[in-house]
Amino acid sequence: MSKNVLVLGEAREGELRNVSFETIAAAKTISGGGTVTAVLLGDSVENLAQEMVHYGADRVVTVEHPHLKQYTSDAYSQAFMAVYEQEKPDAIVLGHTAMGKDLSPKLASKLSSGLISDVTKIEGEGDAAEFIRPIYSGKAFEKVQSKGGLLFITIRPNNIEPLAKDESRSGDVSSLTVDITNLRSVIANVVRKSTEGVDLSEAKVIIAGGRGVKSEDGFKPLEELAHLLGGAVGASRGACDADYCDYSLQIGQTGKVVTPDLYIAVGISGAIQHMAGMSNSKVIVAINKDPEANIFKVADYGIVGDLFEVVPMMIEEVKKLKGSPAV
């Protein structure tokens with residue numbers, strides 16, 4: 001049976017995040033030929049609607065309100081529930097992002113619905129779809145199937161391939177006016193601590209540093225390598241605790257969970273809490289002077305050596321491959 005699926009797009013600084021397109025691809029898989037309706041919430045998001053259509057959405061509903069400029073669960077849940085009541089979908093798909101992890105349980109509670117969270121793979125289509133999700137900090141995976149009622153899932157970024165962009169696709173775009181009231185909190189100011197450039201949670205390449213980097217200055221070569229590879233810089237909790245970098249870069253069980261195509265762990269011993277956040281990366285390269293370091297147990301490639309010698313060599317080789325003069 002075909003399903004009408006509602007997906008929530010996420011925008012940051014006026015641009016759609018890649019997970020928005022991944023949710024559309026997931027929705028197409030479970031819709032069984034039904035309609036995929038994208039929802040965009042913000043204070044100025046109508047100009048982003050057509051891009052959702054180009055990536056496969058059949059329709060887009062926008063809700064614009066000053067209280068939606070910055071995410072709060074109160075405001076976003078009111079706006080999304082208004083769209084839900086209008087559309088009455090059979091399924092909902094959100095990204096398993098910081099916003100999605102906060103918003104989805106609240107929506108599921110309001111809808112008296114189950115929630116299949118952190119989906120990394122979908123097998124089958126339509127009613128036969130089965131959802132794969134990690135459990136026990138990524139040590140095992142479970143396969144879940146919905147047995148009826150509203151299907152509500154969140155998908156982990158960088159795991160479901162978006163559909164190819166087709167600018168010739170067309171779809172209906174409509175707006176919905178929602179009266180957002182009784183907010184328990186309002187964001188007055190946002191202080192951004194995350195680094196500029198590629199979003200860590202969606203990066204295809206991540207260069208992560210640990211205590212072995214030894215200082216804040218020790219992260220500068222990692223930043224240069226990440227820039228050359230078009231990636232992002234991350235860190236272990238040990239590096240964050242030592243004030244080598246900000247906690248916004250922390251990867252692990254109590255930080256961000258990432259699944260890039262390439263993860264280079266530099267000076268990271270491989271504590272189980274850190275590996276819970278990165279062990280599902282497609283290719284893992286470990287650089288550590290201790291050949292017995294735990295990180296080598298999950299690494300696809302290991303380099304036993306001094307990171308202060310290895311990383312500069314990697315930078316020079318990447319520059320040669322890119323045709324840039326060595327400096």
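Predicted model, so just to flag it, every value in this text is computed and none were measured.
Within the 3.5 Å criterion, the main-chain N or O of Leu16 finds no donor-acceptor partner in the side chain of Glu10. Panel note: side chain Tyr76, backbone Leu68; a donor-acceptor pair is recorded below 3.5 Å. In terms of modelled atom types and a separation under 3.5 Å, the side chain of Lys322 and the main chain of Leu228 share a donor-acceptor contact. Distance alone, capped at 3.5 Å, is enough to place a donor-acceptor pair between the Thr29 side chain and the Ala25 backbone. Looking only at distances, no side-chain donor or acceptor of Ser109 sits under 3.5 Å from a matching main-chain atom of Pro105. Under the 3.5 Å distance criterion, the side-chain polar atoms of Asn158 are matched with a main-chain donor or acceptor of Ala203. In terms of modelled atom types and a separation under 3.5 Å, the side chain of Asp58 and the main chain of Val36 share a donor-acceptor contact. Judged by distance alone, with hydrogens and angles left aside, the side-chain atoms of Asn280 form no donor-acceptor pair with the main-chain N or O of Thr259 at under 3.5 Å. At least one donor-acceptor pair closer than 3.5 Å links the side chain of Arg169 to the backbone N or O of Val53. One N or O on the side chain of Glu202 and one on the backbone of Val19 form a donor-acceptor pair closer than 3.5 Å.
Of the charged side-chain nitrogens involved, at least one lies within less than 4.0 Å of a carboxylate oxygen, so that Asp127 and Lys3 count as a salt-bridged pair. Between Asp74 and Lys106, at least one side-chain N (NZ, or NE/NH1/NH2) sits under 4.0 Å from a carboxylate O, which counts as a salt bridge. At a threshold of 4.0 Å, the pair Lys165-Glu167 counts as salt-bridged, since one of the basic side-chain nitrogens sits closer than that to a carboxylate oxygen. Under a 4.0 Å N-O distance rule, the pair Asp118/Arg133 does not qualify as a salt bridge.
A continuous path of ILVMFWY side-chain contacts below 4.5 Å connects Met314 to Leu262, so both sit in one hydrophobic cluster.
Partner Met275 forms a side-chain contact (heavy atoms from CB on, under 4.5 Å) with one of Ile251, Ile268, Val298 and no other, that one being Val298. For the pairing with Thr97, the side-chain contact (heavy atoms from CB on, under 4.5 Å) check across Ser20, Ser104, Pro157 returns one residue only, Pro157.
Lys204 places none of its side-chain heavy atoms less than 4.5 Å from the side chain of Pro260.
A distance of 5.0 Å separates CD in Gln145 from CD in Glu130, rounded to the nearest 0.5 Å.
Judged by distance alone, the side chains of Asp217 and Tyr244 never bring a donor and an acceptor atom under 3.5 Å apart. In the model, Thr181 has no side-chain atom that pairs as donor or acceptor with a side-chain atom of Asp179 under 3.5 Å. Asp241 and Tyr247 are linked by a side-chain donor-acceptor pair at a separation below 3.5 angstrom, with hydrogens and angles left out of the test.
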